[in-house]
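Some notes on the structure that comes next.
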Amino acid sequence: MYYSDLATTYSAVEQTSGTLDKIEKFSELLTRASADDIESVIALTMGKIHPDWKDEPEVGIAEKVAVQIVAAAAGVPESEVTDSLRDVGDIGEVAEQLLSKSAQATLFSEDLSPNDVYEALDEVAHLTGPGSAREKISKMVGLLSDSEPLEAKYILRTAMGDLRLGLGDMTIIDSLSVAFTGDREARSSIERAYNVSSDLPWVARVLLSNGFEEVTSVHPQVGRPIRMMAAKKLATSEEILEKVGGQALVEYKYDGERVQAHKDGDKVVLFSRRQERITSQYPDVVEMVTKHLKPEVCIVEAEIVAIDPDSLEMRPFQELMRRRRKTDISEMRDTVPVALYLFDILYVEGEDVMDRPMLERRTLLEEAVSDADRVRLTSAELVNKSERLDEVFKDAVATGHEGVIAKAVHDDSVYQAGSRSWLWIKLKASYKEGMADSVDLVVVGAFHGRGKRTGLYGAILAAVYDETTDSYPTVCKIGTGFTDEMLVEMKQRLDDLGRAERHPRVESDLDADVWFDPELVIEVIGDEITVSPTHVAGKGILHEGGLAIRFPRFTGRWRDDKSPNQATTVEDLVEMYKNQRPEGP
Ligand code: ATP
């Protein structure tokens, strides 16, 4: 297979809007891939040379640098590239146009394979240290000179981590299913393999080389994060108990950072819910896991909570995030000590226990942990009456917890990697006021402040994540909830993310003063979800218009623990809209 096959398919996929058509086109390409190049094909299409958890550098070419690369490759002044970029709005397309005009580029083009492109980009990613910026540019110019204009368009976009094809992870999984099993029936098994291994290129190779059977029996491996299970939400105890089948293990919801700890002897790796390695941030947690988890080999999940150094009482989440951002870990380790609250076990002494029911896993966890001051199991009580659930909830809130998580205990109460299912349901204090829950939104744009806010942003344009189109449609404009300090911090945090034009994956009918790369996730609470002529989230799903959050306010909580594609999704928003109580303004 040649990279030009990918480029041609990408172009066709880009020009179709329907997800099914995209799947058809992309899966046809996959049927032509071999075991040697399938991993590169999938990694390039995901726009990620390595999964996050491998802790390898990303190519991460910024738009400004891309302008220099295109100018050098096409032999034109940078100002010409900038001018076209202003007209066209996409640097990939600009590269294609300018390179088509440049005889030099096409004359020397070579037949690149997907592996050639992958390896070249990997090399660029690994260039570090003094002089590396120039080397990166020259390597990229070389690569573009070896490519046809259409190839250059997509190579450049991949190097910027933004292929813009509307092929999200789930659509790629559907395409793999169609390509290698003939229809979409196998998608859930492939998705499970992905959720367990967090490595879609690898799953694709197993599928192609070893067949579908092998994919159905993928088990966790210590050192590879398992995509985390998430909780749904409901506002009353009655609904919760009904949903889980009458009985639940009710645990306090601790307000900290979720961690998945992988232990193999004295080797411990900690993964965040973004699947980043956070081992070096928490040397004290590594010690706790080594000392207080009895199995030689295991994978467990827990909440890391900041505690007061003297009283050992829980401290708020923000405190913990303060520690995460500091580089002087040893100092923070003493000023913001932490406790570990364990709540699940997924793998123990070589055995995959994810499919065991909740109570069996809880017993295994109890057996695995030797309690200590700072290493504890989450509080848990088996409850089958809504009055009792309410009491536990009240106790939870009264003792400084966010609320409770009720976990199903029936025979099918497995650990459902990578999914937000009804097996875990959260109930939080905030659900009783206003909107059923806070949402986590991605900051995509901003409006300049006036008066007291001059020099800062007066309002933020925020978006949800659309899983099917892999894009960020706007859902509200937020101007309240900010203290002066927060506004300053917001400005600082957004400084590196600014861009001249709307990001191609951001969908908006509003014109912000400043646009940003969709990266920063913040927590927002609103009064209700309404149909909107202004915002485009979920447009056409329930109504002609989109959905918007009314009276949105920033809660002060930066969701550094979430990546943008873990923000509230269009699907979540639609569900929240449908569940909304009829009372309200
Ligand atoms: P929220 O904003 O409500 O925390 P979220 O989207 O961050 O929601 P969810 O998966 O919906 O996360 O809620 C579960 C989160 O709650 C977990 O990721 C975990 O960090 C935290 N948590 C606290 N206590 C528990 C517990 N006992 N069991 C499971 N998760 C817990």
Side-chain angles (χ1 to χ4, degrees), residues 225-235 240 244 248-261 270-275 278 285 300-306 314 316-318 320-321 324 338-346 358 361-362 365 369 376-381 383 392-393 395-397 399-409 413 415-431 435-442 464-465 521-525 554-569 571-573 575-576:
I226 297 163
R227 299 183 76 228
M228 292 183 191
M229 175 168 179
K232 292 242 192 202
K233 53 197 118 186
L234 282 174
I240 292 178
V244 295
L249 189 70
V250 179
E251 303 186 15
Y252 284 175
K253 188 172 192 303
Y254 298 83
D255 195 11
E257 174 168 20
R258 180 156 177 184
V259 66
Q260 194 177 83
L270 306 177
F271 293 107
S272 73
R273 73 187 275 166
R274 299 181 69 150
Q275 309 209 301
I278 49 170
V285 173
V300 294
E301 283 199 0
E303 192 80 354
I304 300 177
V305 183
M314 289 192 298
F317 172 79
Q318 294 303 358
L320 193 70
M321 286 295 115
R324 271 271 251 135
V338 297
L340 195 63
Y341 285 89
L342 291 135
F343 57 78
D344 220 320
I345 187 159
L346 315 180
M358 184 67 230
R361 298 204 307 283
R362 181 81 191 183
L365 184 65
V369 179
R376 306 161 203 172
L377 262 72
T378 49
S379 75
E381 180 179 328
V383 170
V392 179
F393 170 74
D395 288 346
V397 175
T399 47
H401 301 85
E402 271 193 301
V404 293
I405 302 198
K407 299 180 178 176
V409 292
S413 57
Y415 182 92
Q416 232 168 42
S419 75
R420 196 180 282 283
S421 80
W422 289 111
L423 293 177
W424 288 7
I425 306 176
K426 51 187 176 175
L427 178 64
K428 291 208 288 191
S430 56
Y431 302 175
M435 206 168 77
D437 193 12
S438 60
V439 284
D440 298 316
L441 303 181
V442 185
V464 287
Y465 179 57
V521 183
I522 59 171
E523 189 182 76
V524 172
I525 186 108
F554 178 41
T555 63
R557 190 157 172 158
W558 311 95
R559 297 300 310 247
D560 296 326
D561 58 329
K562 285 199 166 181
S563 52
N565 60 6
Q566 289 173 332
T568 299
T569 61
E571 203 186 344
D572 296 334
L573 197 71
E575 197 170 303
M576 287 168 85

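This structure is a prediction, so every number in the text was calculated from the model and none was measured. Remember, it's 1-based here, ligands and their atoms both numbered in the order they're listed. All values below come from the heavy atoms of this structure, side chains included, with hydrogens, waters and symmetry mates left out.
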Worksheet entry | Any R559 side-chain heavy atom under 4.5 Å of P564 side chain |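 In short, these two side chains do not touch, never coming nearer than 4.5 Å.
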
Worksheet item: Parallel, tilted or perpendicular: which fits the ring planes of H401 and Y252, with parallel below 30° and perpendicular above 60°?
Response: tilted

Discussion item. Using a 3.5 Å cut-off on N or O atoms only, is A231 in polar contact with ligand 1?
Written reply: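 Checking ligand 1 against A231, an N or O pair does fall under 3.5 Å apart.
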
Discussion item. Under 3.5 Å between any N/O of W424 and any N/O of ligand 1: does that happen in this structure?
Written reply: no

Worksheet, complete the sentence: Given the options R273, R258, R274, D561 meets side-chain contact (heavy atoms from CB on, under 4.5 Å) only with R273

Fill in: Member of I345, L346, T378 meeting the side-chain contact (heavy atoms from CB on, under 4.5 Å) criterion with L365
I345

Any atom of ligand 1 sitting under 4.0 Å from a heavy atom of [X]?
| X | result |
| --- | --- |
| Y252 | yes |
| K232 | no |
| K428 | yes |
| K233 | no |
| E301 | no |

Practice prompt. Would you check if the side chain of Y415 reaches a backbone N or O of M229 as a donor-acceptor pair within less than 3.5 Å?
Written response: yes

Worksheet item: When you check the gap from the basic side-chain N to the acidic O, do E571 and R420 get nearer than 4.0 Å?
Response: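 Here E571 does not pair with R420 in a salt bridge, since their nearest N and O are not under 4.0 Å apart.
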
Discussion item. Tell me whether D344 is salt-bridged to K407, with the criterion being a basic N under 4.0 Å from an acidic carboxylate O.
Written reply: no

For ligand 1, which atoms, with element, lie under 4.0 Å from some heavy atom of [X]?
| X | answer |
| --- | --- |
| T378 | 27 (N) |
| A230 | 10 (O) |
| E251 | 26 (C), 27 (N), 28 (N) |

[X] and ligand 1 - part of the residue with a heavy-atom distance under 4.0 Å:
| X | value |
| --- | --- |
| K253 | both |
| K562 | side chain |
| K426 | side chain |

Worksheet item: Residues two or more places apart in sequence or in another chain: which of them pass ring-ring contact (aromatic ring centres under 6.0 Å, His included) with F317?
Response: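 Counting only residues at least two positions away or on another chain, F317 forms no ring-ring contact (aromatic ring centres under 6.0 Å, His included).
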
Practice prompt. Output all residues satisfying salt bridge (Lys or Arg N to Asp or Glu O under 4.0 Å) with E575, sequence neighbours left out; order by chain, then residue number.
Written response: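 For E575, the residues satisfying salt bridge (Lys or Arg N to Asp or Glu O under 4.0 Å) (neighbours in sequence not counted) are K232.
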
Worksheet entry | Heavy-atom nearest option to atom 28 (N) of ligand 1, drawn from M229, K407, R420, R559 |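 Nearest option to atom 28 (N) of ligand 1, by heavy atoms: K407.
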
